[in-house]
Q: 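After the structure tokens below, expect a handful of questions from me.
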Amino acid sequence: MPARVLHWFRTDLRLHDAPALLKGLELKPEVFFPVWTWDPYFNFECPVGPNRYKFLTESMKEIDKKLSKMGNKLHVFRAAPADLFPVLFKQWNITHLVYEKDPAPYAIERDESIKKLAKDANVEVLDITGHTLYDIDAIVEKQKGKTITSATAFKAAAKDMKIERPLQAPKDVPKADDLKLDAIKKEVKKVKSDHDVNEEHRKGKMTAYDSVTGPKDSLEPPSLEELGLDSEDATTQIPGGEDEALRRLDKWIKDKDATATFRKPQTSPSEYDPPATTQLSPYIKFGALGVREFYWRVVDLMENYDGETSSEPENLPGQLIFREMYFAAQLGIGKPFGQIRGNKICRVIDWKLCNAYDEDGEKIFPRPKGSKEDEEALEKWKHGNTGFPWVDAAMRQLKQEGWMHHLARHCVAGFLTRGQLYISWERGAEVFDRYLVDQDPASNAGNWMWLSCSAFFHQYYRNYGMTTFPSKYDKTGKLVRKYVPELKEYPDKYIYKPWEAPEDVQKKAGCKIGKDYPEPMIDEKEANKECMARMKEQYAKKLYGDSLLKRKAK
DNA sequence: TGATTGTTGAGCCA
DNA sequence: TGGCTCAACAATCA
């Protein structure tokens, strides 16, 4: 029987280096259906703001355009995968479902349920590695229950595995068949949700789920307005799409010295136009850039480089290894990786504003409020009104651009958690989830555990200074002048500590501290001293997230 | 058991 | 700019 293939696009919005896509085409299908489904889980249960929606829909539209040129299209439905696929299998007489493996806990659970539904419908499933350099399943399998928590351990586990070369983009894809939309509309359950964690972004009515096929059966990606968002709020300057991803990679690779001698800790978090790092993370996250394409372009260049190259983990390939390491850790821990409760590698620390759970271990919605003081502190941090210009610049950059340099992420995460405010990393990770265009559950939660000394990293006595650290890279306060324009006219001497500027300097700069820009919300040094003492106490208890489950079972 | 290592601290000194 | 010390964690290895 000739194959009738359904290709499920998820985090693989590209045609180059697309092993799953090519696997489907290898079956020489008589019909080929590229499908995306707009999963309510990501819309109502995951924090996500307008910038990431913009980036995602731009990337989707580009794939649609490319498929259209080949006489096909990206068929965008608006339904939960488990509701949609059985109907598509039946209506389209599908023989094979093909997709790229996604190593996130939700994705694994979702894909397992789809595999069962496919089996019932006599559909063969092909899930192919392509989002990661290594097959993370195989790495974790090898560990026999021991969770990977360092790059060294990851490298050791991956020692005998090889990283495949990227594949060429297909020149052609077969056509789809009659879509039978009327039957599909009749049979697929309409999306309903009783809660929405993204209410704060919605300015209008969400109409995206009014029909499973989109307005006028168009099967187009939803506009921001259909999601109830205001496109004016999507202020990121990072455009989505595979072409842009490859253009940016080309441009970066052209600078052989920068590529071959890249050392992450030495790149300045103050640079923004262009940034000191590649800023390819959003493209890798949505698969607009194939991670193996990136890896091999860099490694080939480094191997032919005339001069001394930088080494792992600081160099570019090393950065990708950290991403893989977090995927492996996440896969080892499963669902609790994004939280403290039940997370056996994560320290229990008496943070303020920790997640709250009900008797069944489900997150309580709406979230119970903490003390007024703590809630206000979190809000100040979230919106860049802490009174520390470096923190505020970075947080405002995050909100505006959906991106922040890795070392700035270190500073603001340290400030929120073990450094100054002593607020749970879970809350910080949630804000990053909301605003980052490159948000990934493994890297984000992993890095927050790292920075808060909850896992991966433990030297809690090493702290970032909100004045000292940025000065090391840039004494002129470039990033502050860009994102905290109130302080634009301040002399370099006071740019990271404007509260120390004498009154006449403040007046001349046109910004009075306490009136036009906030006073620092805490005494940095004093708060840090208290935090360190508390960390020491908490560390001595040697409690991890799984202990919270045991205690409850008693 | 003790030494070494761990991508990315600050403060001080020369 | 480079090296030492501050106070001192966890994992690994000999």
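Chain letters run A, B, ... following the sequence lines, proteins first and then strands; every chain starts at 1.
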Q: Using a 4.0 Å heavy-atom cut-off, does A/Q319 contact any base of the nucleic acid, only the sugar-phosphate backbone, or nothing at all?
A: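 It contacts base atoms.
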Q: Centroid separation under 6.0 Å, is that true for the rings of A/Y134 and A/F154?
A: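 Between A/F154 and A/Y134, the centre distance is under 6.0 Å.
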Q: In terms of ring plane angle, is the pair A/W351 and A/Y422 parallel, tilted or perpendicular, where the classes change at 30° and 60°?
A: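 Correct class here is tilted.
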Q: Just list the side-chain donor-acceptor pairs under 3.5 Å for residues 507-514 of chain A, sequence neighbours left out, or say none.
A:
none

Q: Could you tell me the separation between the CG atom of A/L451 and the P atom of B/dT7, rounded to a whole number of Å?
A: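 Distance, rounded to whole Å: 13 Å.
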Q: Just say parallel, tilted or perpendicular for the rings of A/H406 and A/H410, cut-offs at 30° and 60°.
A: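 Because their plane-to-plane angle is over 60°, the rings of A/H406 and A/H410 count as perpendicular.
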Q: Work out how far the C1' atom of C/dA8 is from that of B/dT4, and round it to whole angstrom.
A: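 Roughly 15 Å separates the two C1' atoms.
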Q: Given atom CG of A/L320 and atom P of B/dT7, what is their separation to the nearest angstrom?
A: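 Distance check: A/L320 CG to B/dT7 P gives 16 Å.
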Q: In this structure, is the centre-to-centre distance between the rings of A/W499 and A/F388 below 6.0 Å?
A: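 Under 6.0 Å, so yes.
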Q: Answer yes or no for this row: A/Y460 ring on C/dC9 base, centroids under 5.5 Å, planes under 30°.
A: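 Check failed, A/Y460 does not stack on base of C/dC9.
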Q: Examine A/R52 relative to A/Y435 and say whether NZ or CZ is less than 6.0 Å from the centre of the six-membered ring and inside a 45° cone about the ring axis.
A: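 Pair A/R52/A/Y435 does not count as cation-pi.
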Q: Atom CD of A/E312 and atom C1' of B/dT8: how far apart are they, to the nearest Å?
A: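 Value for this atom pair: 16 Å.
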Q: Starting at CD of A/E537 and ending at P of C/dC9, how long is that distance when rounded to a whole Å?
A: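 From A/E537 CD to C/dC9 P: 14 Å.
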Q: Can you say whether the rings of A/F337 and A/F456 are parallel (under 30°), tilted (30 to 60°) or perpendicular (over 60°)?
A: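 Perpendicular, since the angle between the ring planes exceeds 60°.
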Q: Which value, in whole Å, describes the distance between the C1' atoms of nucleotides B/dT8 and C/dT12?
A: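 Approximately 22 Å lies between the C1' atom of B/dT8 and that of C/dT12.
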Q: Measure CZ/A/R418 against C1'/C/dA7 and give the value in whole Å, please.
A: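 Checked: the CZ to C1' distance equals 14 Å.
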Q: Kindly point out which of C/dT12, B/dT8, B/dG6 is positioned nearest to the side chain of A/Q459?
A: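 Of all the options, the side chain of A/Q459 is nearest to B/dG6.
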Q: Assess the side chains of A/Y283 and A/D438: does a donor N or O sit below 3.5 Å from an acceptor N or O?
A: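 A/D438 and A/Y283 do not have a side-chain donor-acceptor pair below 3.5 Å.
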Q: Over how many whole Å does the gap from A/W450 atom CH2 to B/dG6 atom P extend?
A: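 Distance, rounded to whole Å: 11 Å.
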Q: Side chains of A/D127 and A/E100: does their closest heavy-atom pair fall under 4.5 Å?
A: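 No, too far: nothing below the 4.5 Å cut-off.
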Q: Classify every nucleotide of nucleotides 9-14 of chain B by which part a protein heavy atom approaches to under 4.0 Å, writing B for the base, S for the sugar-phosphate alone and - for neither, in 5'-to-3' order.
A: BSS---
Q: When the distance from CD of A/Q266 to C1' of B/dT7 is rounded to whole Å, what number comes out?
A: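 Distance, rounded to whole Å: 11 Å.
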Q: Which stems, defined as runs of 3 or more consecutive Watson-Crick or G-U wobble pairs with both pairing distances under 3.5 Å, involve DNA chain B?
A: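 The stems are B:1-6 with C:9-14, B:9-14 with C:1-6.
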Q: Just the rounded figure in Å: distance from C1' of C/dA11 to CZ of A/F456.
A: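 One finds 14 Å between C1' of C/dA11 and CZ of A/F456, rounded.
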